[in-house]
Amino acid sequence: MRAGDRNPPGDPMERIMAEALDAAGIAYAREKEPGNAAGLDFYLPDHDLYIEVKRMASERSGDQLKRADNVVLVQGKAAVEWLAARLCG
């Protein structure tokens, strides 16, 4: 799905990640979109990789990481901003 065809995520940190993926031209499916079988925050089909964005660790985080073996967990606003900056070059 193209960036202009979807609403921005409600979570501010997920929004930072979505904007960075869009700016970098990286295709992705969000949590409830078709193609995101594990139901994590972002699935990057061209890389067969999931990204899960978290404010802090929780029991739910561990459960979500078990959904797929190819997950990048980005925890905390500083980590999200750092990764977003790397994606944008």
Side-chain angles (χ1 to χ4, degrees):
M1 188 178 279
R2 292 182 325 225
D5 295 341
R6 53 167 62 108
N7 293 323
D11 179 272
M13 293 199 322
E14 288 180 25
R15 189 174 314 121
I16 291 168
M17 187 59 55
E19 289 171 355
L21 292 167
D22 289 337
I26 298 172
Y28 63 91
R30 289 206 336 240
E31 186 172 3
K32 296 182 190 259
E33 293 178 348
N36 188 338
L40 298 172
D41 292 331
F42 301 93
Y43 175 63
L44 286 52
D46 294 342
H47 305 281
D48 190 28
L49 184 71
Y50 291 91
I51 298 175
E52 182 64 23
V53 176
K54 292 287 176 210
R55 291 182 186 279
M56 61 186 72
S58 69
E59 280 187 41
R60 184 171 179 241
S61 300
D63 292 339
Q64 289 173 310
L65 292 176
K66 293 176 187 174
R67 293 183 194 171
D69 62 0
N70 50 344
V71 181
V72 174
L73 174 64
V74 187
Q75 183 174 299
K77 187 175 182 197
V80 169
E81 290 173 340
W82 180 86
L83 180 57
R86 304 291 92 49
L87 289 170
C88 292

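Just so it is clear, the structure is predicted and the values come from calculations on it, not from any experiment. Quick note: numbers below take in every heavy atom, side chains included, and nothing from hydrogens, waters or symmetry partners.
- R30 and Y28 make their closest contact through CG-CE1, 3.6 Å (heavy atoms, listed as atom of the first residue, atom of the second, distance).
- Within the model, atoms CG of L87 and CD1 of I51 stand 6.5 Å from one another, a figure rounded to the nearest 0.5 Å.
- Note: the hydrophobic cluster containing V72 does not contain Y50 (ILVMFWY, side chain heavy atoms under 4.5 Å, direct or indirect links).
- By the salt bridge (Lys or Arg N to Asp or Glu O under 4.0 Å) test, E52 is found to be paired with K54, residues two or more places apart in sequence or in another chain being considered.
- The distance from atom CG of L21 to atom CE of M17, rounded to the nearest 0.5 Å, is 6.0 Å.
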Side-chain donor-acceptor contacts of residues 40-47 below 3.5 Å, not counting sequence neighbours, with atom names and distances?
from, atom 1, to, atom 2, distance (Å)
D41, OD2, V53, N, 2.7
Y43, OH, D48, OD1, 2.8

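- No donor-acceptor pair under 3.5 Å is formed between the side chain of R55 and the backbone N or O of Q75.
- When all heavy atoms are compared, the tightest approach of R67 to G39 is NH1-O, 3.1 Å.
- Under the 4.5 Å side-chain heavy-atom criterion for Ile, Leu, Val, Met, Phe, Trp and Tyr, I26 and V71 are members of distinct hydrophobic clusters.
- To the nearest 0.5 Å, atom CD of residue E31 and atom CG of residue N36 are 7.5 Å apart.
- Residues A20 and C88 come closest through the heavy atom pair CA-SG, 3.7 Å.
- Atom-to-atom distance recorded for L73:CG and L65:CG is 5.0 Å, nearest 0.5 angstrom.
- Sequence neighbours left out, not one pair with a member in residues 58-80 passes ring-ring contact (aromatic ring centres under 6.0 Å, His included).
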